[in-house]
Amino acid sequence: MTDASALPGQPRGGVLSGLATPRAVNVLAPNASAMTLDGTNTWILSEPDSELAVVVDPGPLDDGHLHNVLDTAEKAGKRIALTLLTHGHPDHAEGAERFAGLTGTKVRALDPALRLGDEGLGAGDVVTVGGLELRVVPTPGHTADSLCFHLPADQAVLTGDTILGRGTTVVAHPDGRLGDYLDSLRRLRSLTVDDGVHTVLPGHGPVLDDAQGAVEFYLAHRAHRLAQVETAVEDGYRQAGEIVAHVYADVDRSLWPAAELSVRAQLDYLSEHGLI
């Protein structure tokens, strides 16, 4: 067995659901798959002495899971006051409208189509509920509407699908763009360097206790894959599918359709920068 402390980001072992930081509790959705890892992490955030809580990413439209989130909060003496979304993919956002109905909350997101209520989310916004402070960090790349939430009191950042607790994420072409994604990773790196963030609360997989190590790993991984794709093109591979078969031969074939999205994003990036 590999020592978790030796893995990128130092992932925590053990049960994923439960208390992750003094202000963050995870409720794992029952939607495990090759793409969602153990399932979607639904985060309940609150100040320890507050009766109000925020939920980030209610997850799929699964009544059992949504009620489990509500019950978890209520057992801790919390009332859900607001729902936030990191992005609009169904495994994170499909249950938001139903959850809003169960809790009587509004839903805030970057994409207006996902909002319930008048307020959205954008760069520089600070969300405060019951003394809890969350700073909105735009991180497009995985999708155009991807956001992260900086939780300064816990020196933590909720990353949605921008950084996962295990493995790497997809640049979901054409909505996702590699240049944007690289900029977003650098923005997260600045949080670790300038703002003391050391904990990643991801949308899937275990909590990471070395945020800077995780970001550096992601940047290095992206540079490595980009170089591989560039070399593949130079060697005569032209179609995204054949590049995937060549470059991602070490990856489970069930993930090749997702890898093809990332390859298309990489091809666009190389073309835009005059490298192919």
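Numbers here simply count residues along the sequence, with the first being 1. Treat the numbers as computed from the prediction; the structure is a model and nothing was measured.
Looking at residues two or more places apart in sequence or on another chain, you find no side chain to side chain donor-acceptor pair (under 3.5 Å) involving S262. Checked against ring-ring contact (aromatic ring centres under 6.0 Å, His included), Y269 has the following partners two or more places apart in sequence or in another chain: H273. Applying the ring-ring contact (aromatic ring centres under 6.0 Å, His included) criterion to Y237, with sequence neighbours excluded, gives H246. For the ring-ring contact (aromatic ring centres under 6.0 Å, His included) test, residues two or more places apart in sequence or in another chain that qualify with H87 are H89, H92, H142.
Using a distance-only test at 3.5 Å, with no hydrogens or angles considered, no donor-acceptor pair links the side chain of Y248 to the main chain of L255. Judged purely by atom type and a 3.5 angstrom limit, S184 uses its side chain to pair as donor or acceptor with the backbone of P140. Checking side-chain atoms of D195 against main-chain N and O of V197 turns up no donor-acceptor pair under 3.5 Å. Judged by distance alone, with hydrogens and angles left aside, the side-chain atoms of R115 form no donor-acceptor pair with the main-chain N or O of R108 at under 3.5 Å. Judged by distance alone, with hydrogens and angles left aside, the side-chain atoms of D145 form a donor-acceptor pair with the main-chain N or O of G88 at under 3.5 Å. Counting only distance, with no hydrogens or angles, the side chain of H198 and the backbone of D210 share no donor-acceptor pair below 3.5 Å. No donor-acceptor distance shorter than 3.5 angstrom exists from the side chain of T143 to the backbone of G176, with no hydrogens or angles considered. In this structure, Q266 contributes its side chain and L226 its backbone to a donor-acceptor pair below 3.5 Å. Judged by distance alone, with hydrogens and angles left aside, the side-chain atoms of D125 form a donor-acceptor pair with the main-chain N or O of G122 at under 3.5 Å. Looking at R187, its side chain never comes within 3.5 Å of a backbone N or O of V137 through a donor-acceptor pair.
Smallest separation of non-hydrogen atoms from G165 and P11: O-CB, 4.0 Å. A265 and L178 get closest at one heavy-atom pair: O-CB, 4.0 Å. When all heavy atoms are compared, the tightest approach of C148 to L188 is SG-CD2, 4.1 Å. For V215 against L185, the heavy-atom pair with the smallest separation is CG1-O, 3.3 Å. For the residue pair V244 and W256, the shortest heavy atom distance occurs at CG1-CG, 3.6 Å. Listed here is the closest heavy atom pair of L16 and P206: CD2-CA, 3.5 Å.
Contact of the L267 side chain with the I243 side chain is registered, since non-hydrogen atoms from C-beta on lie closer than 4.5 Å. Between F149 and W43, the closest side-chain pair of non-hydrogen atoms is not below 4.5 Å. Between L66 and L102, some side-chain heavy-atom pair lies under the 4.5 Å cut-off. Considering only heavy atoms from C-beta on, V55 stays 4.5 Å or farther from L84 through its side chain. With a 4.5 Å cut-off on side-chain heavy atoms, L121 and L85 do not count as touching.
Side-chain contact of D268 with H173: a donor-acceptor pair under 3.5 Å is present, judged by distance alone. Side-chain contact annotation: D57 with T86, donor-acceptor N/O pair under 3.5 Å present. If you check the side chains of S33 and T36, you find a donor sitting under 3.5 Å from an acceptor. Between the side chains of T139 and S146, no donor N or O sits under 3.5 Å from an acceptor N or O. Using modelled atom types, one finds no donor on one side chain facing an acceptor on the other under 3.5 Å when comparing D91 with N31.
At a threshold of 4.5 Å between side-chain heavy atoms, the hydrophobic network of Ile, Leu, Val, Met, Phe, Trp and Tyr places V247 and L261 in one connected group. In this structure, L116 is not a member of the same hydrophobic cluster as L61, with clusters built from ILVMFWY side-chain heavy atoms closer than 4.5 Å. Tracing side-chain contacts under 4.5 Å through hydrophobic residues (I, L, V, M, F, W, Y), one reaches L151 starting from V54; they form part of the same cluster. L132 and V157 fall into different hydrophobic clusters, where Ile, Leu, Val, Met, Phe, Trp and Tyr are joined by side-chain heavy atoms under 4.5 Å apart, directly or via other members. Clustering ILVMFWY residues whenever any of their side-chain heavy atoms sit less than 4.5 angstrom apart, transitively, puts L7 in a cluster other than the one holding L219.
The line from CG of N26 to CD1 of I44 is 8.5 Å long, rounded to the nearest 0.5 Å. Here the CG-CD1 distance, from L270 to I276, works out to 5.0 Å after rounding to the nearest 0.5 Å. One distance of note links CG of N68 with CG of L28; it measures 9.5 Å at 0.5 Å rounding. Rounding to the nearest 0.5 Å places OG1 of T199 at 6.5 Å from CG of L201. The CZ atom of F99 lies 5.0 Å from the OG1 atom of T83; values are rounded to the nearest 0.5 Å. Atom CD of Q212 and atom OG1 of T192 lie 4.0 Å apart (nearest 0.5 Å).
Legend: salt bridge (Lys or Arg N to Asp or Glu O under 4.0 Å) pairs involving residues 154-178, not counting sequence neighbours, sorted by first then second residue: R23-D154, D38-R166, R177-E272. A side chain to side chain donor-acceptor pair (under 3.5 Å) check over residues 69-81, counting only residues at least two apart or in different chains, returns the pairs S46-K78.
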Apply the test side chain to side chain contact (heavy atoms under 4.5 Å, CB included) to residues M35 and V170: give CA-CA distance (whole Å), side-chain angles for both, the deciding distance (0.1 Å), then the verdict.
CA-CA 9 Å; M35 287 295 293; V170 173; 4.1 Å; yes
Does the side chain to side chain contact (heavy atoms under 4.5 Å, CB included) test come out yes or no for N41 and V207, once each step is laid out?
CA-CA 10 Å; N41 294 334; V207 171; over 6 Å; no
Could you go step by step and tell me if H150 and E133 meet the side chain to side chain contact (heavy atoms under 4.5 Å, CB included) rule?
CA-CA 8 Å; H150 177 199; E133 178 184 299; over 6 Å; no
Worked check of side chain to side chain contact (heavy atoms under 4.5 Å, CB included) between L164 and L208
CA-CA 9 Å; L164 306 179; L208 301 177; over 6 Å; no
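Only one option out of L147, V200, T169 pairs with T159 in a side chain to side chain contact (heavy atoms under 4.5 Å, CB included); it is V200.
Looking at R238 and E242, no side-chain N of the basic residue comes within less than 4.0 Å of a carboxylate O on the acidic one, giving no salt bridge. Look at R189 and E216 and you find a salt bridge, because one of the NZ, NE, NH1 or NH2 atoms lies within 4.0 Å of a carboxylate O, short of that distance.
Surrounding CG of D252 are more than 12 heavy atoms belonging to other residues, nucleotides or ligands, all under 6.0 Å away.
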